[in-house]
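What follows is a set of notes on a single structure, which appears directly below.
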2 protein chains.
Amino acid sequence: MAEPTPDLRSAGQTRPGCPVSRVRDRLRQAGLRPTRQRICLGWLLFSKGDRHITAEMLFEEAQRARVPVTLATVYNTLKQFTIAGLLRQIAAEGRRTYFDTDLTDHDHFLMEGEEELVDIPGAPVGLAGLPPAPAGYEIERVDVIIRLRRADPESTTAAGVWSLRSER
Amino acid sequence: MAEPTPDLRSAGQTRPGCPVSRVRDRLRQAGLRPTRQRICLGWLLFSKGDRHITAEMLFEEAQRARVPVTLATVYNTLKQFTIAGLLRQIAAEGRRTYFDTDLTDHDHFLMEGEEELVDIPGAPVGLAGLPPAPAGYEIERVDVIIRLRRADPESTTAAGVWSLRSER
DNA sequence: TTACGTGCAAATAATTTGCAGTCCC
DNA sequence: GGGACTGCAAATTATTTGCACGTAA
């Protein structure tokens, strides 16, 4: 949030070895033409570690970084990045779509009230007894979302490690 | 889909013992005033077994059943039902919100391309090693969404019972 | 050059809201 | 009777699209 916002106006230039070039290569590998705005957005997305982001958020960030892009282009770019496998769309309920720059297998917390997802640190939840996929389909991925509610002060929720789903 | 559509225009009347009265009671228990439209929508929702439904879908169904309701009221009612615990909102990505009349613990398949969720028959996937909830929060529910992709004809996806998540 | 990208503004789609009139308790 | 509900239409919000122009290969 309070990170220094880099000025990316010169992202079109060629500077081998610099992070911008790395983004450029990554785009090319993904089959996307490395245009100025894609490089800038890619830099904003991938140079700050794992993050969840919406189109609106990325757009504001781009403006702060003096990157000339339109909101529409941000939307289009996010979609292209997702199709190209550079981003992952998160299944969150709520109006806006979130994109995750972390492509590894991990789960999410969803706080009630807040419309924000939080990465669950550590290894993903283990799954047992996955059902067979219907005929003609195969399992691509399993998303686990742990919904949280604000704890009652009285309920001594000893939140340790659960074993297996108990209820119903 | 081809089910006979009941005419619910008389749902306001009192007929003890009939399913309409059951809906009425259920609403009252949930703290909702049993108005004509709520009774009708409740009947449509709960008298056909478990289902996933959007506001638009329910609205069309109501029109077919000659129930005088507005789309706006359908939206409002679905939200009220959800808050009252009569429905559950499903975390699906995609533009529209789905509501599930099945309140029991179960998982969902999400077919790629199609924007529809399918209940996973049988017991829910077992979870191992749930992480502790962050301070001040407690786990309310765990949603598991299994994303499916159309299988390659060649890949012999022996979709049996998996043990534990392998990929990281 | 030339197809692919982008900006801009207008179009959609999904959902919410304000307010006046209606209905349940 | 009075507040809770509903209808209707207009407002929001999130996202997409059409088309003329710009730019990377």
Side-chain angles (χ1 to χ4, degrees), chain A residues 8-14 20-21 23-25 27-42 53-60 62-63 66-84 87 89-99 115-116, chain B residues 8-14 20-21 23-25 27-42 53-60 62-63 67-84 87 89-99 115:
Chain A
L8 295 177
R9 277 170 294 188
S10 58
Q13 301 168 19
T14 301
V20 166
S21 288
V23 173
R24 188 196 304 272
D25 294 343
L27 288 175
R28 239 188 284 265
Q29 283 172 25
L32 293 173
R33 185 185 287 186
T35 65
R36 193 190 310 112
Q37 19 285 80
R38 281 180 183 165
I39 292 173
C40 293
L41 294 178
I53 203 167
T54 65
E56 204 81 38
M57 287 163 59
L58 182 57
F59 177 59
E60 285 169 16
Q63 295 198 305
R66 306 289 142 81
V67 176
V69 263
T70 326
L71 181 55
T73 297
V74 173
Y75 271 105
N76 293 332
T77 302
L78 284 174
K79 187 186 284 185
Q80 293 155 354
F81 279 18
T82 302
I83 293 173
L87 289 176
Q89 199 174 335
I90 303 181
E93 70 193 38
R95 33 244 130 260
R96 15 195 162 178
T97 304
Y98 276 83
F99 296 88
E115 152 171 330
E116 191 181 353
Chain B
L8 294 177
R9 279 171 290 187
S10 58
Q13 300 169 19
T14 301
V20 167
S21 287
V23 174
R24 188 195 304 274
D25 293 342
L27 289 175
R28 238 188 286 265
Q29 283 173 25
L32 293 173
R33 184 185 287 187
T35 66
R36 192 192 311 114
Q37 19 284 77
R38 282 180 183 165
I39 291 172
C40 293
L41 294 178
I53 204 167
T54 64
E56 204 81 38
M57 289 163 60
L58 182 56
F59 177 60
E60 285 169 17
Q63 295 197 304
V67 176
V69 263
T70 327
L71 181 56
T73 298
V74 172
Y75 271 106
N76 292 332
T77 302
L78 284 174
K79 186 185 286 186
Q80 292 155 353
F81 279 18
T82 302
I83 294 174
L87 290 176
Q89 199 174 333
I90 303 181
E93 71 192 37
R95 33 241 132 264
R96 18 194 161 180
T97 304
Y98 277 83
F99 295 88
E115 152 170 329

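Numbered from 1 within each chain, the chains take letters A, B, ... in sequence-line order.
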Exercise for the section: Name the nucleic acid region contacted by B/Thr97, choosing base, sugar-phosphate or nothing; use a 4.0 angstrom heavy-atom cut-off, strictly under. Expected result: sugar-phosphate

Fill in the blank from the handout: DNA chain D nearest-nucleotide lookup for B/Arg95 and B/Thr73: closer to the 5′ end is B/Thr73

Exercise for the section: Return the nearest nucleotide to the side chain of B/Thr77; candidates are D/dT6, C/dT17, C/dT6. Expected result: D/dT6

Problem - B/Ala72, nearest nucleotide to its side chain (from D/dC8, C/dC23, C/dA9) - result: D/dC8

Problem - Protein-nucleotide distance (A/Leu71, atom CG; D/dT15, atom P), rounded to Å - result: 9 Å

Practice task
Flag the pair A/Leu71 / A/Glu56 as yes when at least one side-chain heavy-atom distance between them is below 4.5 Å, and no otherwise.
Solution key: yes

Exercise for the section: Give a yes or no answer on whether the side chain of A/Arg24 reaches the backbone of A/Ile39 with a donor-acceptor pair at less than 3.5 Å. Expected result: no

Exercise for the section: Indicate whether OP1 or OP2 belonging to C/dC25 is found under 4.0 Å from a side-chain N or O atom of B/Arg28. Expected result: yes

Practice task
Report the distance from atom CD1 of B/Ile53 to atom P of C/dA14, rounded to the nearest whole Å.
Solution key: 15 Å

Problem - Phosphate-side-chain proximity, B/Arg38 and D/dC5, N/O vs OP1/OP2 below 4.0 Å - result: yes

Practice task
Enter the distance from A/Glu60:CD to A/Ile53:CD1 here, rounded to the nearest 0.5 Å.
Solution key: 9.5 Å

Practice task
Describe the nucleic acid contact of A/Arg33 in one word from base, sugar-phosphate, nothing, applying a heavy-atom distance below 4.0 Å.
Solution key: base

Exercise for the section: Establish, with yes or no, whether the OP1 or OP2 oxygen of D/dA4 is under 4.0 angstrom from a side-chain nitrogen or oxygen of B/Thr35. Expected result: no

Completion exercise
Closest non-hydrogen atoms of B/Thr54 and B/Leu78, given as atom of the first, atom of the second and distance, are C-CD1, 4.3 Å

Exercise for the section: Report yes if at least one side-chain N or O of B/Gln37 is closer than 4.0 Å to OP1 or OP2 of D/dG7; otherwise report no. Expected result: yes

Fill in the blank from the handout: The reported gap from CG in B/Leu87 to NZ in B/Lys79 (rounded to nearest 0.5 angstrom) is 13.5 Å

Problem - Atom pair distance, as rounded to whole Å: CG in B/Asn76 and C1' in D/dC8 - result: 12 Å

Problem - Position toward the 5' end of DNA chain D (nearest nucleotide), A/Lys79 or B/Leu32 - result: B/Leu32

Exercise for the section: Side chain of A/Arg96 only, please: which of D/dT17, D/dT6, D/dT15 is the nearest? Expected result: D/dT15

Exercise for the section: Please check the phosphate of D/dT16 (OP1 and OP2 only) for any side-chain N or O of A/Tyr75 closer than 4.0 Å. Expected result: no

Handout entry: Side-chain N,O (A/Thr70) to OP1/OP2 (C/dG7) below 4.0 Å
Key = yes

